[in-house]
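Every chain is numbered from 1 and lettered A, B, ... according to where its sequence line falls, protein lines coming before strand lines.
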2 protein chains.
Amino acid sequence: MATIRDVAKLAGVSVATISRYLNKTGYVNIDTELKIKKAIETLNYEPSSVARGLAGKQTKTIALILPDISNPFFPELARAVEDVASTYGYTVIFCNSDDQGAKERTYIELLKKKYIDGIIFASNTLNKHDAEQINVNGIPIVCLDRAPDNHICSVVRSKNREGARLAVEHLLESGCRKIAHIYGPRDLITAQERMKGYEDAVKSLPWYSPSLMVPGNFRIDGGMQATETLLHGHPDIDGIFAGNDLMAIGTLKALHRMQIRVPDQVKVCGFDGIQMAEIMEPELTTVAQPIYEMGAIVSRLLIKKIEGSLDTNEIYELDVTLVPRKSTQKEAQL
Amino acid sequence: MATIRDVAKLAGVSVATISRYLNKTGYVNIDTELKIKKAIETLNYEPSSVARGLAGKQTKTIALILPDISNPFFPELARAVEDVASTYGYTVIFCNSDDQGAKERTYIELLKKKYIDGIIFASNTLNKHDAEQINVNGIPIVCLDRAPDNHICSVVRSKNREGARLAVEHLLESGCRKIAHIYGPRDLITAQERMKGYEDAVKSLPWYSPSLMVPGNFRIDGGMQATETLLHGHPDIDGIFAGNDLMAIGTLKALHRMQIRVPDQVKVCGFDGIQMAEIMEPELTTVAQPIYEMGAIVSRLLIKKIEGSLDTNEIYELDVTLVPRKSTQKEAQL
DNA sequence: CTGAAAGCGCTTACAG
DNA sequence: CTGAAAGCGCTTACAG
C-alpha cells in the first residue's frame, strides 16, 4: 500500500503538505491541491489510521461496554451506537462485561492501550473509583442509566420512576384492584426507580402491602418464579407490573402454566419495550424506553465530548411511552 | 503514561531488551529480567497497542461484519465471537452491513486502514471480487454460511439441508399429511439449502405441489403474509415448515389471528433455535443451529489463521438438532 | 544475552 | 502557502 511519502513524491510536494490537505488543517494552494488529489487517486492512497493514531492520538474508535449483547435489550442499543458512530467516521469495539467489575476493569486497561477515543458505558458496576481512573486518563466517557456518583460523566437514561407510575396507573384504569410488583436487582438504579414508581402509585391505596413486591432478576426465569411466589401468597392479585419485559414474559409463561387467563383474570405490564413483548400471546403491554434513541443520543454525546464541543456533564432523562396491548385489555373491550 | 523508553532507563537496559522481554522473543538474562519486571511495575507501564500496531503490523483486533445485530440470530453469535476473541487477547470491532455490498466495502476499506488482523464475515453479499480484494491485502478472513465461490476463505455453517429434512420428517411423524414451506430470500444459501431439504423430504409424496412453497423474507411479517397466502390457496394444509424461526413466529401469529389452532389443526416448525422460539405460546418446535458454537469456532479459526497455524481453507459443517416443542405435538400426547 | 539504529506512517510545531 | 525535522512508542534485523 502507498504511504504519504509516495504521494508526496508523486505530487512533488512535502509530506507535511499532504497531511495538511488530508486533515484540512492550514491552507493549501489550489494548484498543489489538484496535484495532490491526482497523486492520491493514481496511487489509490489510504492513510493509515494506526499511524495517525500514534502521531495524533486520535484513533476514531470508541468502545461500547455492555453487560451482555445476548440480553434482548442491548442489540437495538448497540445498533444505534454503531449507526451514529459510523456516520461520524468512528468504529466501535464492543465488550461484554457480564456486569462484573473485574471484566470491566480489564477491558478498560486494554482500551487505554489502544488509544480509544471514548467509552460508552451501559454496564452497571462501574464505581466511582473506576470512573475516576478513566477520567484521569482523559478518556471521555458517557454512561447509560447509572451515574457514577459525582458528575464525572454525562448520563442518558429514561424516566424510570415516572414510567413505572404510568404502568401501574394503566393497570388501575384497566380495572385492576390489587397490583403486585416484581422488581429487578436492587443494586441497579433502574430497578430501584421503577420500584419507587410503583410505590408512588399504590402506597396510599387500601390494599397496599409490602409483600406485594417480590424480587426477580430481570430475567425470564426470575419472572416465572416471582409470579408463582406472588400468586401463592396473594391468590387475589389481578394485576402484575414486572420491572422489565423479560420478567413480564416469565410472568405470562407462569400464569399460562397455572392456567390463569391473561388479561381476564390477571393483567400484566412490563417495562422496556423490547421486540419480544410484541410476539407474546397475549401481546404484552409495556412501558417502552426509546432504546434506539438512547443509543443514538449517548453516541452523539460521546462524540461531541471527544471532539471538544461539549465539556459539561449532564443527565438526560428521556420520555417513556406506555404501549397498551392485549395483556392489559379491559374485559369490556374483549 | 510511561513508555518503553522510561522502563529501559529505569531498568538500565536497552529498549530492545524490554521489547524482547515483553514479547518473549529472544533470550533475556534472568537478572535483567528481574530488573525489567520491577521497572515495569514501579512505572505501571503498559505497552501501547497502537505503537505496536504500527511497528509490528499486529493490532490484536478483529472485525465482525454481520447484517444486523438487531436480528435475534446474531447477538448470541456476536457474544461467542467476543468471548473467544477476548480470551485470546483480541478485541472485536462490530459492523452492521444490512447485507448491502456498498456498506461492506466501505467497512472493509476502513478496517484495512486500521490494520485489523482479520475479519469474520457473517454477511451474505460478499462476492468473489470483494473477497479477493481482501485477500490481496493479506487479511485473513473466515465466513459464516456463505462460501465466496473459490476457496478463498474457511467457512463455518450448519447442515441446513439435512436440518430441513429433519424438520419435515418430524412433521410427518407428528401426523401431518400436507406440509407447506415458507422459504427465505433466494439469494441466501441458507434459504436455498433448507428449501432443498424440504423438497428432498416431500417431493415423492402424492400431495406434493410446488405451490406449497411460498416466499418469505426471513422476518416475522414475511412469515405472517406467507401463511395467509398459503392457507388461502391450500386450506387443507396441516403442517408448515418455515425457513427460519422469525418466519415461524409470524406463522404462529397469523394462525392465531385466523383462529386456527396450533398444533391441533396445523403444526409449525421453524429453523435456527433462537431464544424467541421458546417464549412463544405454543412453544415453537425448531431445528436448532449451534449458534454460540458457530461463533466460537469461526473465531478460533480466524485466530489460528492470523497466528499462522492454519493455512488451508475448509468448510466446517456443524450438526443441527431438532428441538420438539408444543407447536408440533401429536394429538395423542395432548 | 544485549545494544544501536532504522523504520513503521503519520502529525505538528517551527521556520521561511 | 510550504518544507525540514522531530516525535508518537514500539519492533526488528544486524552486530557484537
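- Looking at heavy atoms from C-beta onward, A:L77 lies in side-chain contact with A:L144 at the 4.5 angstrom threshold.
- Residues that satisfy the side-chain hydrogen bond (donor to acceptor under 3.5 Å, both in side chains) test with A:T59, not counting sequence neighbours, are A:D117.
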| said: Between B:Y45 and B:D6, is the side chain to side chain contact (heavy atoms under 4.5 Å, CB included) condition met? List the steps. | reply: CA-CA 9 Å; B:Y45 168 71; B:D6 301 325; over 6 Å; no
Pick out the pairs of N or O atoms, protein on one side and nucleotides 5-8 of chain C on the other, that lie under 3.5 Å.
{"unit_1": "C:dC8", "atom_1": "O3'", "unit_2": "B:K57", "atom_2": "NZ", "d": "3.2"}
{"unit_1": "C:dC8", "atom_1": "O2", "unit_2": "B:A55", "atom_2": "N", "d": "3.3"}

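- Taking the side chain of A:S14 as heavy atoms from C-beta on, and the options D:dA4, C:dC10, D:dT11, the nearest nucleotide is D:dA4.
- Spacing between atom NZ of A:K24 and atom C1' of D:dC1 amounts to 16 Å, rounded to whole angstrom units.
- For the pair B:Y21 OH and D:dT11 P, the computed distance is 13 Å after rounding to whole Å.
- The minimum heavy-atom distance linking B:A296 with B:V84 is given by the pair CA-CG1, 3.6 Å.
- Figure legend: B:K24 and B:Y21 shown as a cation-pi pair, the cationic atom lying under 6.0 angstrom from the six-membered ring centre and within 45 degrees of its axis.
- In summary, B:K112 and B:E109 engage in a salt bridge, as defined by a charged side-chain N under 4.0 Å from a carboxylate O.
- One interatomic measurement links the two molecules: CD of B:Q58 to C1' of D:dC10, which rounds to 14 Å at whole-angstrom precision.
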| note | Dot-bracket assigned to DNA chain C with the 3.5 Å Watson-Crick/G-U criterion, [ ] for crossing and | for other-strand pairs, is |||.||||||||.|||
| query | side-chain hydrogen bond (donor to acceptor under 3.5 Å, both in side chains) between B:S48 and A:Y115: does it pass, once the steps are laid out? | reply | CA-CA 8 Å; B:S48 152; A:Y115 295 176; 3.1 Å; yes
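- Here B:S19 does not reach the OP1 or OP2 of D:dC10: none of its side-chain N or O atoms lies under 4.0 Å away.
- Taking 4.5 Å as the limit, some side-chain heavy atom of A:L301 sits within range of a side-chain heavy atom of A:I297.
- Here D:dG3 presents its P atom at 12 Å from CD1 of A:I4, a figure rounded to the nearest Å.
- Across all strands, B:S49 comes closer than 4.0 Å to no nucleic acid atom at all (heavy-atom distances).
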Got a list of protein N/O to nucleotides 14-16 of chain D N/O distances below 3.5 Å?
none

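- Residue B:S48 has no polar side-chain atom (N or O) positioned under 4.0 Å from OP1 or OP2 of D:dG9.
- Identified under the ring pair (Phe, Tyr, Trp, His ring centres under 6.0 Å) test for residues 80-114 of chain B, with sequence neighbours left out: A:F94-B:F94.
- Closest approach of B:F218 and B:T190 over heavy atoms only: CE1-OG1, 3.7 Å.
- Side-chain nitrogen and oxygen atoms of B:T17 include at least one within less than 4.0 Å of the OP1 or OP2 phosphate oxygen of C:dG3.
- Proximity of residues 35-46 of chain B to DNA chain D (heavy atom under 4.0 angstrom from any strand atom) is restricted to B:Y45, B:E46.
- Looking only at side-chain heavy atoms (C-beta outward), A:D98 and A:K103 come within less than 4.5 Å of each other.
- The backbone N or O of A:I141 lies less than 3.5 Å from a partner atom in the side chain of A:K305, making a donor-acceptor pair.
- Atoms CE (A:M1) and C1' (C:dG9) sit 10 Å apart, rounded to a whole Å.
- Atom CG in A:L22 sits roughly 12 Å away from atom C1' in C:dG9 (whole-Å rounding).
- Taking atom CG on B:N23 and atom P on D:dC10, their separation rounds to 11 Å, with Å as the unit.
- Considering only heavy atoms from C-beta on, A:P75 stays 4.5 Å or farther from B:F74 through its side chain.
- Between the CD1 atom of A:I18 and the C1' atom of D:dC1 there is a distance of 14 Å, rounded to whole Å.
- An OP1 or OP2 oxygen of D:dT12 is reached within less than 4.0 angstrom by no side-chain nitrogen or oxygen of B:T25.
- The pair A:K35-A:D31 fails the salt-bridge criterion, with no side-chain N (NZ, NE, NH1 or NH2) lying under 4.0 Å from an Asp/Glu carboxylate O.
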